[in-house]
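In what follows, a single structure is set out as C-alpha cells and then discussed.
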Amino acid sequence: MTILFGVPLSVLLGQLLLGLINGAFYALLSLGLAIIFGLLRIINFAHGALYMLGAFVTLLSLQYLGVNYWFALFLAPLTVGLIGMLIEKYLLRRITGEDHLYGLLLTFGLALIIEGLFVKLFGVSGSSYPMPDALKGGFNLGFMFLPKYRAWVIVAALIVCFVTWYMIERTRLGSYLRAGTENPKLMQAFGINVPLLITLTYGYGAALAAFAGVLAAPIYPVSPGMGANLLIVVFAVVVIGGMGSIMGAIVTGLLMGLIEGLTKVFYPEAANTVVFLVMVLVLLVRPAGLFGKET
Amino acid sequence: MSSDIILETRGLTKAFRGFTAVNDVDLKVKKGHIHALIGPNGAGKTTFFNLLTHFLPPTRGEILFQGKAITGTRANQIAKLGLVRSFQISAVFGQMTVLENVRVALQSKQGNSFHFWKSERSLNSLNERAMELLEKVGLGSFADTVTHELSYGRKRALELATTMALDPVMLLLDEPTQGMGQEDVDMVVDLVRRVAVGRTVLMVEHNLSVVSRLCDAITVLARGSILAEGDYATVSANSAVREAYLGTAVTDEVAL
Amino acid sequence: SDDEIRIGYLADMSGTYRDLSGPGGLEALKMAVEDFGGQVNGKKIVLFNADDLNKPDVGANTVRQWIDEKNVDVVTGLVATSVVMAVNKIVEQENKLALISGSASSALTNEFCSPNHIHWVYDTYALSNGTAHAVLQEGGKDWFILAADYAFGHALEADLTKVIEAEGGKVVGKVRHPFPSNDFSSYILQAQGSGAEVVALANAGADMVNALQTASQFGLSQSGQKLAGMVVFLNDVHSMGLEVTQGLMLTTGWYWDMNDETREWAQRYHKRVGRMPTMAQAGVYSSTIHYLNAVKATDSDDSQVVRSKMIETPINDMFAKNGKIREDGRMVHDMYLAQVKTPAESKSEWDLYNILRTIPGEQAYRSLADSQCKLIKN
Amino acid sequence: MNASNREQLVVEDLHAYYGQSHILHGVNMVVRRGELVTLLGRNGAGRSTTLRAIMNMVGKRSGSIMINGTETMTIPAHHIPRLGVGFCPEERGIFASLNVEENLLLPPTVRSGGMNLDELYEMFPNLYERRFSQGTRLSGGEQQMLALARILRTGANLLLLDEITEGLAPVIVQKLAEVLIKLKEKGLTIVLVEQNFRFAAPLADRHYLMEHGKIIDEISAAELPSKQEYLSKNLGV
Amino acid sequence: MSDTIKNPEQQQRVRVERERRIAASRRNKIFFAVFIVIALVAPFGIYPVFLMKLLCFALFACAFNLLLGYAGLLSFGHAAFLATGGYITGFVLTEYSGLGTELGILAGTAASAALGLGFGLLAIRRQGIYFAMITLALAQLVFFMFMQSSFTGGENGLQGVPRGQLFGFIDLQDNLNMYYFVLAIFLFGFLLIQRTIHSPYGQVLKAIRENEPRAISLGYNVDAHKLLAFVLSAALTGLAGATKTVVFQLASLTDAHWHMSGEVILMTLLGGVGTVLGPFVGASIVVTLQTYLSNSPLGEWVHVILGVIFVLCVLMFRAGIVGWFSKLIQRNFK
Ligand SMILES: Nc1ncnc2c1ncn2[C@@H]1O[C@H](COP(=O)(O)OP(=O)(O)OP(=O)(O)O)[C@@H](O)[C@H]1O
Ligand SMILES: Nc1ncnc2c1ncn2[C@@H]1O[C@H](COP(=O)(O)OP(=O)(O)OP(=O)(O)O)[C@@H](O)[C@H]1O
Ligand SMILES: [Mg+2]
Ligand SMILES: [Mg+2]
C-alpha cells in the first residue's frame, strides 16, 4: 500500500471523493448566492434559511402528504422558489437602489424569523428523512465503501450547476442578467422586463438552495439550524471564487470541499477554519478572487 | 536648455493584456506653457495622464518631473511634488461645503491630516486662504453651499480652486470643458488662462476652439504614439493629423 | 432570609439544547412547585426563568441580576457548560445555590467544585464509564474515539481513554472534529479504516446525531464495527428515529419507562408538554423537590444550611433510589445501561430504550479518592 | 397612411419630477415620421430629462406621450422600446460585465431592418478592433460609439439620442453626421439633444428651444439663418 | 477672515451659517448634559450591571460606526478586537493581579490596537465586500486561535477574572463604583470618537470617503488614513471588550464568534449609520431586548422578534431610528 504523509493512498482517495461530494453542496449553495448577489447586489443572509426550508418541505411533504423523494426533488425547489419570489416582490423590491447593507439587514432579519419559527414549531433536535429505496446501499470501490446516495448527490449537483452556468454565461438570458445588475433602468429602456427578471432570479437562487436542501435531507439531520452554520462558509466560497462569477462559485465550491476533506485527515481541528485561511491567502494574491474580474 | 523642460517622458509605454494603449512616447513640456494633448478617441490620452500621476504603473519608460525621475513614485507623493491632476468627470466632494472642499486641499500641505485629537477649529486658520482661492474662481459667495448643489460649470471651477490650493507647479487637466455649454466653456477658458500664470498646464481637449485659443504647444497622439507636434498652425496643417483626427471638413475658420 | 423562596430557572430556551432541557425543564420545575402546594412552611415559592442563549455573559448577567435584585435563593436548569461555569462563580461569590441538571462536564465536581452547587443527573465520567465498561465486557477491545474539539469533548475523551486502558482495551485511533461540524463522512471513513472494533462518539447533540446518521449510511455496523454513544439523550434518539439509532448502546441516568413511579410522573409531564421527559428534565423536578424538602425541614433558605440538610438526606423519589449527595457536590445515584430498540420492538412513539442493566452509583461516578476537588482534600 | 399615423411622437403637457424637484413644466412637441428634430438649450434646461421621461426613466410624470398612436403613460417601461424606440443615454450606459460584442448584441431586436454586426463594425472600426474587450475598458469616445451602434442594431425607427458627439474627435463627429443623414434617408425618425450646434444645425429639419423645463420656441431649418442672433443670445453659441 | 469678504449678501450667508452651527453645538451640549445627568442617576433606578453591559456594547457600536459611518469601511471581523481586548485583559488580571485594573484594561486595548494594525495592513487595500470578507476571514482565524490556545480556557472561557481595585483604593467589586468607572470609560471613548470625527483628520477621512481618487490627487496617502481609522476603531473596540470582561469577570468565545461581528453591524444600522447617537441607541435596543425578552414569557421568541424589528427597520425607517427621528425633528421644527 502506498503511504502518503503517513496516510495510505487509498484512504486519501476516499477522503478526496468525500470532499468532492461536500464540495458539491458548497457549489450548489454558493451558486445560488452568487446569482442573487450578481443581480440584486444583495448578500443574501436568508440563503441558509432557504436551504433549511428546502429540507423541511421535503420532510413535511413526506410526513403529511406522502410525497416521495423523487417528487420532492421538484416540489421543494418549486415551493421555496415561489417563497423566494414573494420575498423579492414584497420585501426586497422596496429597498432597490438603497445601500446594499440594508439588503443584508433585511435578509438577516428574515433568516431570524424563519429559523425562529421553525424552532418553535419543530424543536431543534432535527429529524431524519428516510433514504429513498433506490439509493440505499452502496458501491464497494475497493478503497472505500461509497453509499449510492452520495454518488447521486454529486451527479445531481454537478448537472444542476453546469446547466445553470450554461444558462447564465452562454445564453442571451444570461447577458440580460449580467447587464440588468449594472443598470436596470437602461435595460428597461431596451425593452427588458427587469422587475420580472429580478423576481425570477431571486426565485431561482432560492430554488437552488432548496434543491441542496432536498439533497441534504436523507443524509443530514433536518433541523432549523442546519443552514445557519453552513452559510458563512458558503459566503467564503463565493468570495474566493470571485463575487459575481458563476464558474468561480462552482469550481471554488468543489475545490473547498477537497481542501476541507484533506484538512479533515491531516489536521481535523482546523477543518472549519481552513476555508478562511484560503480566503485570506487568495484575496492577498488575487484581490478579486480566483475567477473575479478586477475592476 | 534642458532647464526649461519641466516634464519629460522617455519611451513611456503602457500595455494592457495584448493591447498597447501608450506606445513609446517621448514628450517634453516646456515650463510656463499651456500644452495640449489631442488625438482621436482611444489614442491613449487618458491612459497617458494616468501614467504621469501613477494611477497606473507604466509597462516601460521613464517620467522626469523638474529633472527628477518620478516613475515609481506613488500617486499621492506625485501630487505633493507639485504635479496635480483633474479628472475627466468632475471630481469634488459633494457632501462637503464649497469652503471645506478647498480647505481639505489646503490641509494637505499643512501636514496635520493625521491629527485626530485636534479640534476642527484648528482648521479655521485656513479659511482666509480658502476664501481667497474661491474669490479667484468666482465662487466667493458660494462658500457655505453644499457642493452637490452647484451647477456643472461651477463644480469645474471649484475643482480648479482646490487644485490651485496645492499651489501646483504643473496642472494636468483632462477634458476640462467636456459636456459644457458655450458660456461655461468660455468661463473655463478664462479660468485656465488665469490660473496658468506662472505655472505649466498639460491638458487633454477635444474642443479645438479651446485648444487654439489657449495653447502654446500641441502634441497629437494617435494609436498610442505621437503623430505630430508643434503650435496650432503647424499641427492643423499636417495632413496626417487631418486624416486621423481633424477630418476633412475642418478648416481653420470652423475651428476658431 | 426573607419570606419567599425564590427559584430561578436558567437554560437554553431557543438554541441547540432547547429540547434537552429548555421549556420542558421549566414545566418540570413548575410541577415540583405545584406538588409542594406553591409554598413551604407558609413561604410562597416564586419562580423566575430566563434564556441564557448559550452565552456565558448572558447567563452570568441574568443570575447576578436575580441575586442582586430579586434575592433569588437557588438556580436550576443550567445546561451549556460554559454558562454553568460562569454562573457557578457568581453563585459561589454570593453564597447561593445552583442545582445543575443539564451540564455534563465532570469537571464541575472535580477541579471546579464549590460548596455552592450540586450536580444532579449525569456527568461525562459516568456516561462514558458506564457504556465503555459494558462494551469492553462484551469483548470490544480496540477503540476509535471521535471527539468534539472543545473542553467537553476533551473531557469525555480523557475519561473514556482512562476506562478503556484500565480494563485492558486500546485506543487505536482518534480524531477531534471542530464543533459544530456539518459533515462527518470523512471522520466515519477514518474510523472505518482504523480497524477498531468499537467507534465511540465523544460528542453531543446535533454533532452526535449527525455522526450516527452518517455511520449508518456508510454501513459501519454491517462491516462489523460497534458504535457507542457517550452522551445520548432521549430527544436525540426520538428525533433521529429508530431506523438510524437501533442497537446503539448508551448510558442514561433515568428513563421514563422504568417502573410505575417513573411512568406515572412521565405521563403527567406528557399531558402538559406533549413529549416524554428527558433525564435532564426529570432531574430538574427531582432536585427541586429535594431542595424544597430541605428548606422545609430546616425552615431556612440559607444556602449552607439547606445544602447540609440535602447532603444528610438520601434521595428517594421517582428519579433515584438511595441517591446521595457527596461533599464535592456530586449527586451519586444508579445509572442504567440501555440499548435503543429496533423499530419492530418499539410499541409507541416514545418506546425507545431497552434497559439492559443497572450500574450502581459508586461504580458509575468517579470515586472521591481520584478527586481533585478542593473540598475533599481539606 | 393617414395624418395621425405620420406623427410618430406626440408629447402633450409633459411634467416630470425627480423626487421632490419638478423639472419639466408642460412640454409639448410633435415629431413626424422621417424627421430629425433637435432639442436645444443651456445646461440643465431639461433636455435629457425630456428623453428620459419619454422612456419612463424619471420619478413621477404626468401629461401624455403618444408613440405611433399608442399612449405610453400607462404602459410598463419595458413596453415602450417595443414600440420601436431606441434610446442612447447621455451617460452612455456601457455594461462593464459584458464585452464590446455582447454589449452590441444586448438590446433585443424590436423591428426588422436594423443594421447587422458587420455593417456596424464597418461604420466603427475602433469597435471591431476592441470587440472582445470589456465594455468599460474602452476610451471615453469609443464608449460613445458603442452606445450609438448598439441601438442601430435593434431596428428601432424612432431614435432618441442624447449628446452623442460629446468627447468625440472631429473626424468621428463628421462620420456621425454622415451616419445620421444615412439613417434619415432610410426613413428613421430622430430626436437629437445636442450641445454642439454646429453639428446639429445642418442635419435638422426643426429645432425646439428649451428653457427651465419648457419649450420656449420652435425654429425650422429654413428660419435658421434669420434667427442666428436670437439663438446666440439664448444659447450662447 | 471677515475682512476678506466683501459683498453683504455673502456676509449674511456666512453669518447665518455660523449661527446655525453655534445653535447646533449648543443643542448638542444640552443633549450631552442631559445624558450625563441621566447616566449619573440611572444606577439608582436600573440594575447597574445591565447598564454597564449596555455601555460596553454602546462603546463597541460607536467604535464600529467610526469605521463604517465615517471611513466608509464595513468590517465583518470586529468580534476579533472585542474578544482580544477581553481575553488579554482577563488573562493579565488573572495572572498578574498585582498590576491593577487600569493597566489590565490598557493591555487589552493595546493588544486590540496591535491586532487592528495587522488586520488593517492586510485588508486596507481591498474594497467593499472584499474588505468585509477579508476581515471576516481574519477574524475567523483569530477565533480558531482563541479556541485552540489554552490561556483562553477554550469553550469554557476565562472565568472569575477579578475586578480588582481602581488606583489601588477604589473597590470595583462594588457595582456602583464599577458603574462609574465604566461610565467614565464610555465617555472617554465616545468623546474621543466625536473629536476624531470633527478633527483635521476627520475632514480628510470624509473627503476620502466621498471621492478617493480625488483625495489621492490632492496628495493624501489614502491607505494610511484608512488604516488609522481602522486601528482607532479596533483599539476602542478592544477597550469595550476589556471593560466588559472586567464587568462580567469573564471572557468567552461568544465575543469572538462571527455572530458578534454581525450583531454590531445590526446595532449600528438599527440606530443609524454615521449618526452620533445612532450606535448608542441601536446597541441599547438590541441589548435591552436580548436581556429583558429572554427573561419574559416571550423568551422563546427572541430571535423572531429581533428579526421582525430588523425587517421593519429596513422597510420603515431606513436611516436608522436616530436618522429617522432627526428627520422628523427637522421637518417639524425648522
Ligand atoms: N484598463 C484597460 N484595459 C484594457 N484596455 C484599456 C484599459 N484602459 C484603456 N484601455 C484602452 O486603451 C485605449 C486608450 O484609452 P484612453 O482612455 O487612454 O483613450 P483617450 O485617448 O483618453 O480617448 P478619449 O478621447 O475617447 O477619452 C483605448 O482603446 C482603451 O480601450
Ligand atoms: N437624478 C436627478 N435627480 C435630481 N435632479 C436631477 C436629476 N437629473 C437631473 N436633474 C436636474 O434636472 C434639471 C434638468 O436636467 P437635464 O439633465 O434634463 O438637463 P439638460 O438640459 O440635459 O442639461 P445638460 O446639458 O447638463 O445635460 C437640472 O437642473 C438637473 O440638476
Ligand atoms: Mg479619455
Ligand atoms: Mg443632458
Side-chain angles (χ1 to χ4, degrees), chain C residues 8-15 18 22-24 26 47-70 80-90 92-94 103 105 107-108 111-112 114 148-155 176 178-180, chain E residues 43 46-54 56-57 82 86 140 143-144 147-148 150 152-163 173-176 241 244-245 247-255 257 259-260 263 287 290-306:
Chain C
Y9 177 79
L10 183 75
D12 173 11
M13 306 294 263
S14 51
R18 180 181 186 273
L26 179 60
L47 294 188
F48 302 93
N49 70 85
D51 187 348
D52 61 27
L53 303 170
N54 285 331
K55 292 183 184 175
D57 57 339
V58 173
N61 192 17
T62 306
V63 169
R64 202 191 281 270
Q65 190 166 3
W66 277 345
I67 295 171
D68 285 351
E69 289 209 308
K70 309 273 168 60
T81 302
S82 56
V83 177
V84 177
M85 296 251 201
V87 168
N88 282 352
K89 284 278 181 205
I90 289 161
E92 189 178 356
Q93 253 175 32
E94 307 282 334
S103 170
S105 174
L108 291 176
E111 59 264 43
F112 294 111
S114 92
D149 185 31
Y150 68 105
F152 160 80
H154 297 175
R176 288 178 172 181
F179 163 75
Chain E
I46 303 172
Y47 183 53
V49 178
F50 166 72
L51 289 175
M52 289 190 262
K53 177 176 181 180
L54 208 146
C56 290
F57 276 101
L82 189 75
Q140 289 295 97
F143 177 83
F144 180 69
M147 194 166 73
Q148 293 294 324
S150 56
T152 60
E155 186 75 10
N156 291 338
L158 268 180
Q159 314 280 358
V161 177
R163 280 187 182 173
Q173 201 58 48
D174 181 86
N175 273 342
L176 268 187
K244 183 167 168 284
T245 291
V247 171
F248 291 121
Q249 305 184 262
L250 65 90
S252 72
L253 278 177
T254 319
D255 288 353
H257 199 271
H259 280 169
M260 191 55 87
E263 221 161 77
V287 171
Q290 275 176 354
T291 312
Y292 283 99
L293 269 188
S294 69
N295 295 349
S296 78
L298 287 174
E300 291 179 70
W301 296 96
V302 181
H303 295 300
V304 178
I305 291 172
L306 270 180

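A note on names: the letters A, B, ... follow the listed sequences, proteins ahead of strands, and every chain is numbered from 1.
Under the salt bridge (charged side-chain N to carboxylate O under 4.0 Å, His left out) criterion, E/E263 pairs with C/K55, not counting sequence neighbours. Take E/Q173 and apply the side-chain contact (heavy atoms from CB on, under 4.5 Å) test, not counting sequence neighbours, and it matches C/Q93, E/R163, E/D171, E/Q249.
The most heavy-atom pairs under 4.5 Å with chain C, out of E/M147, E/Q148, E/Q159, E/K244, come from E/Q159. Contacts with chain E were tallied for C/A80, C/A50, C/A107; C/A50 has the most, counting heavy-atom pairs under 4.5 Å. Interface remark: of the candidates E/T254, E/N175, E/L158, E/T254 forms the most heavy-atom pairs closer than 4.5 Å to chain C. Taking C/Y150, C/F48, C/F152 one by one and counting their heavy-atom pairs under 4.5 Å with chain E, the maximum is reached by C/Y150. When each of C/T81, C/D57, C/D149, C/V83 is checked for heavy-atom pairs under 4.5 Å with chain E, C/D57 comes out on top.
Closest approach of E/L250 to C/P56, counting heavy atoms only: CD1-CB, 4.0 Å.
Only the side chain of C/A60 comes within less than 4.5 Å of a heavy atom in chain E; its backbone stays farther off. Residue C/P178 does not touch chain E at all, counting heavy-atom pairs closer than 4.5 Å.
Using modelled atom types, one side-chain atom of C/D51 and one backbone atom of C/M13 make a donor-acceptor pair closer than 3.5 Å.
The closest side-chain donor-acceptor pair between C/S103 and C/S105, if any, does not fall under 3.5 angstrom.
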Under the criterion side chain to side chain contact (heavy atoms under 4.5 Å, CB included), I'd like the reasoning laid out for E/M52 against E/F248: C-alpha separation, chi angles, the key distance, then a yes or no.
CA-CA 9 Å; E/M52 289 190 262; E/F248 291 121; over 6 Å; no
